[in-house]
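What follows is one structure encoded as structure tokens, with my remarks underneath.
The figures here come from the full heavy-atom set of this structure, side chains too, leaving out hydrogens, waters and symmetry mates. In the text below, chain A, chain B and the rest are named by the order of the sequence lines, each starting its count at 1.
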Protein chains: 2
Amino acid sequence: MNFYESKKVNILEQLPLGLIEKGSLKTFEKGKILYRKGEQDKGLNFIKKGIVGLMGFSVSGDDTLLRVIGERNLLGYRSLLSSESYHASALALTDVELIYFKFDSVQQLQHEVPELHNLLTQTLAVDLRRAEQRLKDITGKRVISRVIETLIYLKQIHPDHPWTRREIGEFCGARTETVTRTLSKLERDGYIQKSGREIKLNDIGKLLEFSEQCEIF
Amino acid sequence: MNFYESKKVNILEQLPLGLIEKGSLKTFEKGKILYRKGEQDKGLNFIKKGIVGLMGFSVSGDDTLLRVIGERNLLGYRSLLSSESYHASALALTDVELIYFKFDSVQQLQHEVPELHNLLTQTLAVDLRRAEQRLKDITGKRVISRVIETLIYLKQIHPDHPWTRREIGEFCGARTETVTRTLSKLERDGYIQKSGREIKLNDIGKLLEFSEQCEIF
DNA sequence: CGTTAGTTTGAGGCAGATCAACTTTGGTGG
DNA sequence: CCACCAAAGTTGATCTGCCTCAAACTAACG
């Protein structure tokens with residue numbers, strides 16, 4: 001079980017119809033900010049359509065893609081459940097449609113939809129594993145392994161999204177130029193195929209095998 | 001609110017006496033492994049005495065200190081709440097005494113001690129913030145800032161523990177030699193005082209100010 | 001007091017960043 | 001449908017922060 005392995009969970013099943021009806025629909029164009037680091041808001045956002053990136057922005061321009069939230073997933077639960085303000089900003093990586101649910105407190109969530117509360121606890125636990133594994137990878141592994149694992153992960157979440165070199169780099173801690181060079185090498189060695197902006201992974205098993213090879217001194 | 005800021009929570013208040021009596025006492029010498037990555041166990045460990053490090057071990061020897069669990073805190077809740085196996089190993093950083101509570105399932109925890117379940121959810125959410133902020137720092141900031149913030153954080157958790165260069169480095173993604181050099185520089189510039197193996201922070205505000213200065217360009 | 005773990009300092013190397021110039025892609029409006 | 005343009009990607013040259021290796025020193029502990 002590594003960070004790039006992901007089980008898809010159907011959050012929708014845990015959202016009672018009554019709740020959904022109370023939610024309000026919002027739309028954001030690609031590139032727009034859904035919310036900013038530091039803002040305080042006790043609410044949940046259900047991503048109906050599109051992909052959202054949880055971003056750690058930096059003055060010097062080396063932004064980090066902390067988390068990727070795909071369709072039919074929730075956003076904002078970490079802040080709600082910790083009663084903290086947002087620790088990062090949410091960016092629309094595509095055009096996004098979401099349903100926003102307002103809560104007054106964690107207690108309300110827990111009381112009104114206890115199953116959802118439990119599901120979110122579990123999601124937090126999985127997110128934490130993923131973040132800590134990436135923390136380990138980012139210092140311990142070379143860039144080629146990180147790019148490979150990031151490719152696999154991002155493709156899994158949203159196979160059809162044309163992930164940019166920038167996004168891949170921001171996720172695994174590398175510059176776009178470095179990602180480009182790495183992808184070129186992977187294509188030369190027959191592990192992937194690039195056609196225009198599209199990246200096709202030939203064989204995930206072989207890729208992971210190659211990734212491990214690269215770590216042996 | 002950054003990763004190195006930490007609020008102390010008293011878990012003990014949430015542990016009913018009945019539960020504590022059912023727990024079993026275990027002791028580990030410094031350097032011993034409490035549990036290993038991959039093991040499966042539905043239980044909680046209450047650290048009665050000592051400090052535990054959650055470690056990401058690596059064949060090449062660049063280990064990562066993922067989390068530090070101090071006295072009167074719990075360990076093992078991420079695995080319990082996600083129903084996953086341990087994603088990292090737990091290492092006794094000092095001699096450790098703990099009380100182990102066996103659970104059959106998340107449901108049991110939630111049913112028998114719902115307040116504890118809620119507290120753990122909140123803890124997960126805070127841990128996730130911390131991990132993601134470190135993820136951002138480790139790529140975006142230079143080693144000197146990371147060492148400074150790590151010093152502040154580790155000192156906060158356990159002021160009296162003689163944190164080693166290795167532990168500091170394993171926490172912030174740096175080699176012991178690099179940590180040594182950084183600490184020497186910080187001492188030369190009057191920000192800290194080293195006496196033997198002891199590190200004294202003169203002024204946390206000044207340290208953080210200096211940390212930010214180092215990030216300009 | 002010897003042994004082991006931790007610290008310090010120096011010299012040299014390298015993975016990946018940075019800088020710069022150029023090409024390709026894909027969306028937009030005329 | 002094509003021309004245009006901004007955004008994304010590529011490639012090369014150079015630089016550098018931190019790692020690596022090595023060797024000596026110091027603290028802690030049975």
Near A:Lys42 NZ, under 6.0 Å, is it more than 12 heavy atoms from other residues, nucleotides or ligands?
no
Please say whether more than 12 non-hydrogen atoms of neighbouring residues, nucleotides or ligands are located less than 6.0 Å from CD in B:Glu198.
yes
Shortest side-chain distance from [X], nucleotide among [options]:
X	options	result
B:Thr178	D:dC19, C:dG16, D:dG9	D:dC19
A:Glu177	D:dT11, C:dA17, D:dC18	D:dT11
A:Arg142	C:dA17, C:dG16, C:dT25	C:dG16
B:Thr180	C:dT8, D:dG9, C:dG16	C:dT8
A:Arg181	C:dA5, D:dC18, C:dT18	C:dT18
B:Arg165	D:dG9, D:dC19, C:dT7	C:dT7
B:Ala174	D:dT11, D:dA28, D:dC19	D:dC19

I'd like to know if A:Glu170 pairs up with A:Arg166 as an ion pair, taking the criterion as any Lys NZ or Arg NE/NH1/NH2 lying under 4.0 Å from an Asp or Glu carboxylate oxygen.
yes
Would you indicate what [X] reaches in the nucleic acid, counting non-hydrogen atoms under 4.0 angstrom: base, sugar-phosphate, or nothing?
X	answer
B:Ser184	sugar-phosphate
B:Lys194	sugar-phosphate
A:Gly173	sugar-phosphate

On DNA chain C, check which nucleotide each of B:Arg188 and A:Ser195 is closest to and give me the residue with the more 5' one.
B:Arg188
Rounded to the nearest angstrom, tell me the gap between atom [atom1] in [X] and atom [atom2] in [N].
X	N	atom1	atom2	answer
A:Glu29	D:dA7	CD	P	14 Å
A:Trp163	D:dG9	CH2	P	13 Å
B:Leu183	C:dG6	CG	C1'	13 Å
B:His161	D:dA28	NE2	P	13 Å
A:Ile199	C:dT24	CD1	P	18 Å
A:Arg197	C:dT24	CZ	P	13 Å
A:Leu93	D:dA8	CG	P	11 Å
B:Lys185	D:dC18	NZ	C1'	15 Å

Ring centroid separation for B:Phe3 and B:Tyr153, is it under 6.0 angstrom?
yes
Within less than 4.0 Å of OP1 or OP2 of D:dT20, is there a side-chain N or O belonging to B:Arg175?
yes
Could you report the tightest heavy-atom contact between B:Gly76 and B:Leu44, atom names first, then the distance?
C-CD2, 4.0 Å
